[in-house]
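The next block holds one structure in the form of structure tokens; read it before the comments.
Because only heavy atoms are used, hydrogens play no part in the values below, and waters and symmetry mates are left out as well, while side chains stay in.
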Amino acid sequence: MTTTTSATPPAATTAGTAHPLHTPVIAWFEAHARDLPWRRPEAGAWGVMVSEFMLQQTPVNRVLPMYEQWLARWPRPADLAAEPPGEAVRAWGRLGYPRRALRLHAAATAITERHGGEVPDDHAELLALPGVGEYTAAAVASFAYGRRHAVLDTNVRRVFARAVTGVEYPPNATTAAERRLARELLPGEEAVAARWAAATMELGALVCTARSPECGRCPIAGDCAWRAAGSPAHDGPPRRGQTYAGTDRQVRGRLLAVLREAHGPVPQAALDAVWDEPVQRARALDGLVADGLVEPLEGARYRLPLT
DNA sequence: TACGCGTGGCG
DNA sequence: TCGCCAAGCGT
């Protein structure tokens with residue numbers, strides 16, 4: 001829906017890199033892709049970058065309203081860079097992992113200072129920005145600028161693990177073999193490669209999901225190595241779980257929530273009220289300060305960072 | 001390499 | 001109910 005392609009070329013690629021999965025996956029994408037705001041032309045590269053930061057480990061539905069608020073308030077990198085980092089943290093709301101807000105603010109500052117206010121289109125320059133790793137650099141270059149990069153996120157890794165490798169889940173950490181496979185499967189033609197990147201991600205997000213894949217709706221079910229093997233259950237080390245209850249993360253979340261909602265300096269006593277165990281509470285607060293998410297003031301008071 | 005880092009919805 | 005899961009990054 002995001003483009004008006006007529007007559008999709010037959011998995012056309014430059015070298016001998018055409019692969020039987022290209023055409024059905026891209027055709028499926030043309031028919032079923034969601035109309036997400038960061039996929040519209042008016043989003044621009046900055047919109048794509050903001051969405052990618054927000055989508056790091058956070059579901060689309062929770063990102064949508066925050067994305068709209070951020071783009072309305074800060075339509076260009078320089079607009080965000082002109083405000084204190086604490087404003088980014090406050091506007092992050094309850095999206096989680098608030099260090100992303102700090103890093104997005106720092107990235108906006110770097111873009112303003114080093115790139116004339118324009119999000120760079122070069123993978124290496126993107127990678128040099130705070131909070132931009134291998135995935136995000138490839139995603140911005142591919143989705144915003146149509147460049148040819150293997151985009152390996154959790155969705156794509158799962159699709160490849162199943163369809164090509166024949167296992168239910170990819171390894172815990174991205175391996176060299178996965179990167180090689182992703183490069184090998186990448187269509188040779190730049191515009192097709194960008195389409196493929198978005199299409200494989202969308203297939204993983206909508207059909208080839210982690211918990212209950214809907215193989216009946218999958219355009220490549222007939223070519224899927226995992227199905228051909230009888231959909232064997234995951235075998236190997238357990239997938240990395242995330243602990244939360246009772247951890248420092250939960251304490252940090254509570255402390256930061258108080259600071260987000262306050263608009264002046266917050267006295268120590270207000271922070272002490274959110275967690276009764278003093279050692280853990282102090283450790284969590286120290287961590288927030290060390291991360292730059294909280295600024296300590298004179299007289300045992302705290303606020304979101306002004307610098 | 002493995003771990004720490006938020007939050008909330010779903011099966 | 002509660003563990004799993006969600007477009008990762010930095011160290």
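- Nucleic acid contact class of Leu95(A) (heavy atoms, under 4.0 Å, all strands): base.
- Asp122(A) CG to Tyr145(A) OH: the interatomic distance, rounded to the nearest 0.5 Å, is 10.5 Å.
- Residue contacts shown for Val151(A) are absent, as no nucleic acid heavy atom lies under 4.0 Å away.
- Each of Asp248(A) and Arg94(A) was assigned the nucleotide of DNA chain B with the nearest heavy atom; the assignment lying further toward the 5' end belongs to Asp248(A).
- The distance from atom CD of Gln268(A) to atom CG of Leu297(A), rounded to the nearest 0.5 Å, is 11.5 Å.
- Map Arg103(A) and Arg260(A) each onto its nearest nucleotide of DNA chain B; the residue landing nearer the 5' end is Arg103(A).
- As judged by a 4.0 angstrom heavy-atom cut-off over every strand, Arg62(A) is placed among the base-contacting residues.
- Ser51(A) comes within contact range of no nucleotide atom at all, as no heavy-atom separation falls under 4.0 Å.
- Within the nucleic acid shown, Arg99(A) comes within 4.0 Å of at least one base atom, counting heavy atoms only.
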Stepwise salt bridge (charged side-chain N to carboxylate O under 4.0 Å, His left out) test for Glu125(A) and Arg114(A): CA-CA 10 Å; Glu125(A) 290 180 345; Arg114(A) 303 206 299 258; over 6 Å; no
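- Between Arg249(A) and Tyr97(A), the side chains place a donor N or O and an acceptor N or O closer than 3.5 Å (distance only, hydrogens not considered).
- If you take atom P in dC5(B) and the same atom in dA7(C), they sit 22 Å apart, rounded to whole Å.
- Ion pair Arg39(A)/Glu202(A) flagged as a salt bridge, since at least one NZ, NE, NH1 or NH2 atom sits closer than 4.0 Å to an Asp/Glu carboxylate oxygen.
- Thr136(A) comes within contact range of the sugar-phosphate backbone alone, with a heavy-atom separation under 4.0 Å but no base atom that close.
- Protein chain A touches strand DNA chain C; the 5'-most and 3'-most nucleotides with an atom under 4.0 angstrom of its non-hydrogen atoms are dG3(C) to dG10(C).
- Of the residues in residues 205-216 of chain A, those with a non-hydrogen atom less than 4.0 angstrom from any atom of DNA chain C are Ala210(A), Arg211(A).
- Taking atom C1' in both dC5(C) and dG6(B), the straight-line distance is 14 Å, to the nearest Å.
- Rounded to whole Å, the separation between the C1' atoms of dC9(C) and dG9(B) comes to 24 Å.
- Of the residues in residues 155-181 of chain A, Asn155(A), Arg158(A), Tyr169(A) come within less than 4.0 Å of DNA chain C through at least one heavy atom, sorted by number.
- Clustering of Ile, Leu, Val, Met, Phe, Trp and Tyr side chains at separations under 4.5 Å places Val89(A) together with Leu102(A), Val251(A), Leu255(A), Leu256(A), Val258(A), Leu259(A), Val266(A), Leu271(A), Val274(A), Trp275(A), Leu285(A), Leu288(A), Val289(A), Leu293(A), Val294(A), Tyr302(A), Leu304(A).
- Of all heavy-atom pairs between Glu168(A) and His234(A), the closest is OE1-N, 2.8 Å.
- Between the CG atom of Leu185(A) and the OG1 atom of Thr200(A) there is a distance of 9.0 Å, given to the nearest 0.5 Å.
- Glu295(A) is linked by a side chain to side chain donor-acceptor pair (under 3.5 Å) to Arg303(A), counting only residues two or more places apart in sequence or in another chain.
- Separation of atoms OG1 (Thr136(A)) and CG (Leu129(A)) is listed at 10.5 Å; rounding is to 0.5 Å.
- For the P atoms, the distance linking dC3(B) with dC4(C) amounts to 15 Å, nearest Å.
- Protein chain A contacts DNA chain B over a range whose 5' and 3' limits, counting nucleotides with an atom under 4.0 angstrom from a non-hydrogen atom, are dC3(B) to dG11(B).
- Residue-to-nucleotide proximity on DNA chain C shows that, of Leu127(A) and Trp38(A), the 5′-proximal contact is made by Trp38(A).
- Arg73(A) has no carboxylate O lying under 4.0 Å from a charged side-chain N of Asp79(A), or vice versa, which leaves the two without a salt bridge.
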Tyr135(A)/Gln56(A) under side-chain hydrogen bond (donor to acceptor under 3.5 Å, both in side chains): CA gap, chis, key distance, verdict: CA-CA 10 Å; Tyr135(A) 161 76; Gln56(A) 291 169 5; over 6 Å; no
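- Heavy atoms of Glu134(A) sit under 4.0 angstrom from primed sugar atoms or phosphate atoms, though from no base atom.
- Under a cutoff of 6.0 Å and an axis angle of 45°, Arg239(A) and Tyr169(A) form a cation-pi pair.
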